[in-house]
Amino acid sequence: MAEYQPAETAFALDRDCKTLGRHVLEQLQSFSPEAQDLSALMGRLALAGKLIARHLSRAGLMESALGFTGTTNVQGEAVKKMDIYANDVFISVFKQSGLVCRLASEEMETPYYIPENCPIGRYTLLYDPIDGSSNVDINLNIGSIFSIRRQQGEDRDRSGQDLLQNGHQQLAAGYILYGPSTVLVYSMGRGVHAFTLDPSLGEFILAAENIQVPGHGPTYSVNEGNFWQWDDSIRDFTRYVHRHDGYSARYTGALVADFHRILLQGGVFLYPATQKQPQGKLRLLYETAPLAFLIEQAGGRASTGSQEIMAVVPTHLHDRTPLVIGSTKDVALVEAFIQDKPPAIPRHHP
Ligand code: P6P
């Protein structure tokens, strides 16, 4: 009797079974309480992503979903209805989870503490519920960014001081990209892995494991509308890539979408300091630090231009940093200009 050979579809069946929850437990190679907690945390994040993706897919048909709330957030930015919806989704999926003690986000001046009548966990979720919200009303890519840290100490005064530590305190980080498909990318310090939402299953299915960013890529991603607000060194970097073959500008207005391109294809994203925002625009604890965690796991780099993002210690919950992130060679090229050691700039296009 010949040995049974699974049909061609066996791979497809196995692929449908590699869900996010199973992958997390395999990653941790353990069923310890912390492993179970991290698996459950990722499951809650996946649920938040599904709820937000569903809302986005129908937003254009719902009167109350798009547009502005008429308020401004702690950053002084006009708040979109989708920002508040997404912020509340994360709170509601974690409130009864027993996994977290507090949630901190761009939309809340101080962290939201889980109420006494709910089960309290030992983790903190830091998140940007909707990154790139200027794209919401025009149906372009947006994302959610998340970072998980363990509570340290009792935080009795509810100041969240223990959150003000460098990026190495992150247990896990990632993002959800809402695009033609919904993609969840995460790392727990054991590589970077991407999952695609299969709406027919309602599951995030493994799409790519141990993603490595190329050492160099053709893309430079920056808002050149700020050109005259930058330091001279950044202008010189821009002139360099203008004059060199092999570079293409790509910029979507959503950090998660631009980062995802860089992660997969290489290159560099930068949001430098400007005259208006000398500390930079992007927030450390829930934007640049989680992405720095990911890019380092993928073999790339993230710096402020003079310091590794992962080493930056914030003084406040909503601190901002300049950001240069992507392929090692391309980040180094930007830093060479910033540190006044620029490569020779061709006199004109070769
Ligand atoms: P600008 C979106 O508001 C965001 O925080 C990032 O997602 C994005 O990269 C950046 O700001 C865009 O800012 O000044 O280029 O519109």
Side-chain angles (χ1 to χ4, degrees), residues 49 52 56 66-69 71-87 104-108 126-147 173-179 183 185 219-231 234-235 237-238 249-264 267-292 294-295 302-305 309 314 317-326 330-331 334:
I52 294 167
L56 286 168
L66 298 177
F68 291 90
T69 61
T71 61
T72 55
N73 64 15
V74 63
Q75 326 293 341
E77 293 165 343
V79 176
K80 290 204 167 230
K81 294 173 186 169
M82 193 62 72
D83 289 322
I84 297 305
Y85 172 82
N87 194 66
S105 100
E106 170 181 316
E107 301 306 331
M108 303 186 288
L126 298 110
Y127 63 112
D128 182 359
I130 294 289
D131 164 72
S133 50
S134 60
N135 287 352
V136 169
D137 295 353
I138 51 173
N139 194 36
L140 292 182
N141 286 10
I142 53 178
S144 302
I145 307 173
F146 58 84
S147 171
Y175 57 85
I176 301 155
L177 175 60
Y178 310 101
V183 171
V185 176
T219 297
Y220 72 99
S221 185
V222 67
N223 181 347
E224 296 197 38
N226 294 329
F227 187 85
W228 291 109
Q229 282 204 45
W230 294 332
D231 180 85
I234 304 296
R235 282 197 282 273
F237 163 75
T238 313
R250 292 286 186 276
Y251 194 74
T252 70
L255 170 61
V256 171
D258 293 324
F259 176 84
H260 193 64
R261 181 203 309 277
I262 298 291
L263 176 69
L264 299 185
V268 63
F269 172 95
L270 50 160
Y271 204 106
T274 62
Q275 288 162 0
K276 284 181 198 161
Q277 294 182 302
Q279 301 307 315
K281 174 180 183 181
L282 302 174
R283 273 65 56 149
L284 175 65
L285 284 175
Y286 38 82
E287 287 181 318
T288 60
L291 297 184
L294 288 175
I295 203 73
S303 102
T304 62
I309 292 284
L317 190 63
H318 299 292
D319 272 7
R320 303 167 187 264
T321 66
L323 178 66
V324 184
I325 189 167
D330 300 306
V331 170
V334 178

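Residue numbers run from 1 in the order of the sequence given. When a ligand or atom number is given, it counts from 1 through the structure's own listing order. It should be emphasised that the depicted structure is a prediction, and the values quoted were computed from it without experimental measurement.
Of the heavy atoms in Asp258, none comes closer than 4.0 Å to ligand 1. Under 4.0 angstrom from ligand 1, the non-hydrogen atoms of Leu255 come from both its backbone and its side chain.
Taking 4.0 Å as the cut-off, Gly132 counts as a neighbour of ligand 1 on heavy-atom distance. Proximity of Glu287 to ligand 1 is established by a heavy-atom distance of less than 4.0 Å.
Minimum interatomic distance between Glu287 and Leu255 (heavy atoms only, all atoms of both residues): CB-CD2, 4.2 Å.
Of the N and O atoms on the side chains of Thr274 and Asn226, not one donor lies less than 3.5 Å from an acceptor on the other residue. Under 3.5 Å, the side chains of Tyr220 and Thr238 contain no donor-acceptor pair of N or O atoms. Side chains of Asn87 and Ser105: a donor on one and an acceptor on the other come within 3.5 Å.
By the 3.5 Å distance cut-off applied to N or O atoms, Asp131 is counted among the residues near ligand 1. Any N or O atom pair closer than 3.5 Å counts here, and Asn226 shares no such pair with ligand 1.
Among protein heavy atoms, the minimum distance from atom 13 (O) of ligand 1 is reached at Lys281 NZ, 2.9 Å. Summary of contacts: the protein heavy atom closest to atom 14 (O) of ligand 1 is Tyr271 OH, 2.6 Å. Given atom 15 (O) of ligand 1, the protein heavy atom at minimum distance is Tyr251 OH, 2.5 Å.
Applying the 4.0 Å criterion to heavy atoms of Gly253 picks out, from ligand 1, the atoms 2 (C), 7 (O), 8 (C), 12 (C). Every atom of ligand 1 with a heavy atom of Asn223 under 4.0 Å away is listed here by number and element: 1 (P), 14 (O), 15 (O).
Ring orientation note: the planes of Tyr175 and His260 are nearly perpendicular, at an angle over 60° on the 30°/60° scale.
The shortest distance between side-chain heavy atoms of Leu323 and Ile309 falls below 4.5 Å. Annotation: side chain of Leu285 is not in contact with side chain of Asp319 (no heavy-atom distance under 4.5 Å).
A salt bridge links Glu77 to Arg283: at least one charged side-chain nitrogen sits closer than 4.0 Å to a carboxylate oxygen.
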